[in-house]
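Hydrogens, waters and symmetry mates play no part in the numbers below; they use all other heavy atoms, side chains included. Computed from a prediction, not measured in an experiment: that's the story for all the values here.
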Protein chains: 2
Amino acid sequence: MTDDSRADEPVAWLDAEEKAAWTGLISIALLMPGRLEAPLRDFGLTLFDYMSLSAISEAPDRRLRMSELAYLTNGSLSRLSNVLKRFEQKGWAERYPDPADGRYTVAALTDAGYEVVVAAAPTHVRAVREHVLDPLPPEDRAALARIAERLRIRPADH
Amino acid sequence: MTDDSRADEPVAWLDAEEKAAWTGLISIALLMPGRLEAPLRDFGLTLFDYMSLSAISEAPDRRLRMSELAYLTNGSLSRLSNVLKRFEQKGWAERYPDPADGRYTVAALTDAGYEVVVAAAPTHVRAVREHVLDPLPPEDRAALARIAERLRIRPADH
DNA sequence: CGACTTGAGTTCACGCGTGAAGTGAACTAG
DNA sequence: CTAGTTCACTTCACGCGTGAACTCAAGTCG
């Protein structure tokens with residue numbers, strides 16, 4: 001193991017407990033998104049697509065600023081610009097300058113876009129239950145929320 | 001919230017505790033890899049690059065079959081083939097048919113490749129400590145390992 | 001007022017990952 | 001023996017995400 005095979009170096013290599021925590025986390029991070037995305041593909045959605053559509057659908061009048069969307073989805077503006085461009089091309093969303101302040105851009109769901117997220121939501125929730133919630137007892141669920149908070153990762157509402 | 005705003009549908013929408021667990025997990029999954037990868041970029045490595053190099057460096061004589069590497073890194077053969085191709089082009093690794101069974105391909109680190117992972121390891125471990133281990137008390141670390149196991153996600157050694 | 005600054009957002013070039021298609025080695029069946 | 005099957009692996013085409021460069025609207029300063 002590279003991490004702990006050089007005792008001659010001034011590096012605090014990981015012990016077994018640390019390694020178990022670390023590898024647990026990274027494995028979840030690497031594998032879980034793919035699992036949750038797979039059923040969404042039937043709707044032509046990536047996981048991030050779904051989360052973006054979901055966040056907009058929850059906003060007042062199903063519209064919000066791109067910067068607010070970036071905050072809610074933990075995504076970069078660059079990424080979202082590309083995503084919303086795809087949505088526009090599919091007729092799911094539209095973008096326009098915020099009338100209150102032209103520096104901002106508002107992203108709004110079309111009726112078609114709303115229908116997509118409505119259709120996909122039950123599938124998404126079922127996947128979340130199956131892959132995340134059902135296998136975990138309450139103390140583990142609480143731990144997940146607590147850990148995310150401790151790691152200074154802001155959970156977004158989805 | 002899309003997830004629970006359609007009480008008229010036969011779907012078990014998420015309650016607050018479930019949502020906190022779910023959003024905690026997905027936020028970690030979305031944001032943590034990027035954090036850990038950033039310092040590795042100074043070495044020209046993605047996080048997956050590092051984990052691949054690390055896994056090979058730990059194998060006997062610093063070589064192992066591609067399929068074994070895929071298992072250890074939780075990566076697909078397709079992905080690894082691309083990654084190893086890059087490594088070969090950089091002189092970090094070589095691939096050859098397994099003399100014991102020509103159906104298999106062996107991936108081996110070159111001295112240059114080994115030096116890359118040796119150079120990057122302290123940085124990687126420090127990032128893991130800073131972003132994952134240091135903010136978490138022992139019970140949360142134990143929870144991570146337990147959760148990964150419960151979610152049927154096999155932690156790989158890194 | 002004009003020049004400059006700041007921040008939101010878009011575009012661009014390119015790296016990376018995926019699934020499908022293809023290749024080849026070993027094994028199996030007739 | 002040959003034909004077919006299976007599995008490991010590579011290649012390919014393309015979607016997606018990133019960081020840098022760019023644009024633009026609003027605010028600030030002299």
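Between C:dA8, D:dT10, C:dT11, one nucleotide has an atom nearer to the side chain of A:Lys85 than all others, and that is C:dT11. Closest approach to the B:Arg41 side chain among C:dC16, C:dT11, D:dA26 is made by C:dC16 (side chain taken as heavy atoms from C-beta onward). Closest approach to the A:Thr105 side chain among C:dA26, D:dT10, C:dT10 is made by C:dT10 (side chain taken as heavy atoms from C-beta onward). Counting only heavy atoms from C-beta on, B:Ser81 has its side chain closest to D:dT11 among D:dT11, C:dT11, C:dG9. The side chain of B:Arg86 lies closest to C:dG17 when the candidates are D:dC9, C:dG17, D:dA26. Closest approach to the B:Arg103 side chain among C:dC27, C:dG9, D:dC16 is made by C:dC27 (side chain taken as heavy atoms from C-beta onward). Side-chain atoms of A:Val83 lie closest to D:dG17 of the nucleotides D:dC12, D:dG17, C:dG9.
Map A:Ser78 and A:Tyr104 each onto its nearest nucleotide of DNA chain C; the residue landing nearer the 5' end is A:Tyr104. Position along DNA chain D of the nearest nucleotide to A:Gly44 versus B:Arg79 favours B:Arg79 as the more 5'-ward residue. Nearest-nucleotide mapping onto DNA chain D: of B:Glu68 and A:Asp49, the residue sitting toward the 5' end is B:Glu68.
Rounded to a whole Å, the CZ atom of A:Phe48 is 12 Å from the P atom of D:dC16. Atoms CG (B:Leu64) and C1' (D:dC9) sit 14 Å apart, rounded to a whole Å. Rounded to a whole Å, the CG atom of A:Asn74 is 16 Å from the C1' atom of D:dT18. Nucleotide D:dC7 holds its C1' atom 14 Å from the CG atom of B:Asp98, rounded to whole Å. With rounding to whole Å, A:Leu31 atom CG is found 14 Å from C:dG17 atom P. Atom CG in A:Leu47 sits about 17 Å away from atom P in C:dG17, given to the nearest Å. Rounded to whole Å, atom P of D:dC9 lies 10 Å from atom CG of B:Leu80. We find that CG of A:Leu77 is positioned 18 Å from P of D:dA21, with the value rounded to whole Å.
Looking only at distances, no side-chain donor or acceptor of A:Arg141 sits under 3.5 Å from a matching main-chain atom of A:Val132.
For B:Thr46 against B:Leu40, the heavy-atom pair with the smallest separation is O-CD1, 4.2 Å.
Within the nucleic acid shown, A:Ser67 comes within 4.0 Å of sugar-phosphate atoms alone, with no base atom in reach, counting heavy atoms only. B:Asn82 comes within 4.0 angstrom of a base, heavy atoms only.
Cluster membership check: A:Val128 shares its hydrophobic cluster with A:Phe48, using side-chain heavy-atom separations under 4.5 Å among Ile, Leu, Val, Met, Phe, Trp and Tyr.
Within the structure, a side-chain polar atom (N or O) of B:Ser76 is placed less than 4.0 Å from OP1 or OP2 of C:dT18.
With 3.5 Å as the limit, one finds no donor-acceptor pair spanning the side chains of B:Tyr71 and B:Arg65.
The residues B:Asp49 and B:Arg86 are annotated as salt-bridged, a charged nitrogen and a carboxylate oxygen being separated by less than 4.0 angstrom.
Put simply, CZ on A:Arg63 and CD on A:Glu94 are 6.0 Å apart, with the number rounded to the nearest 0.5 Å.
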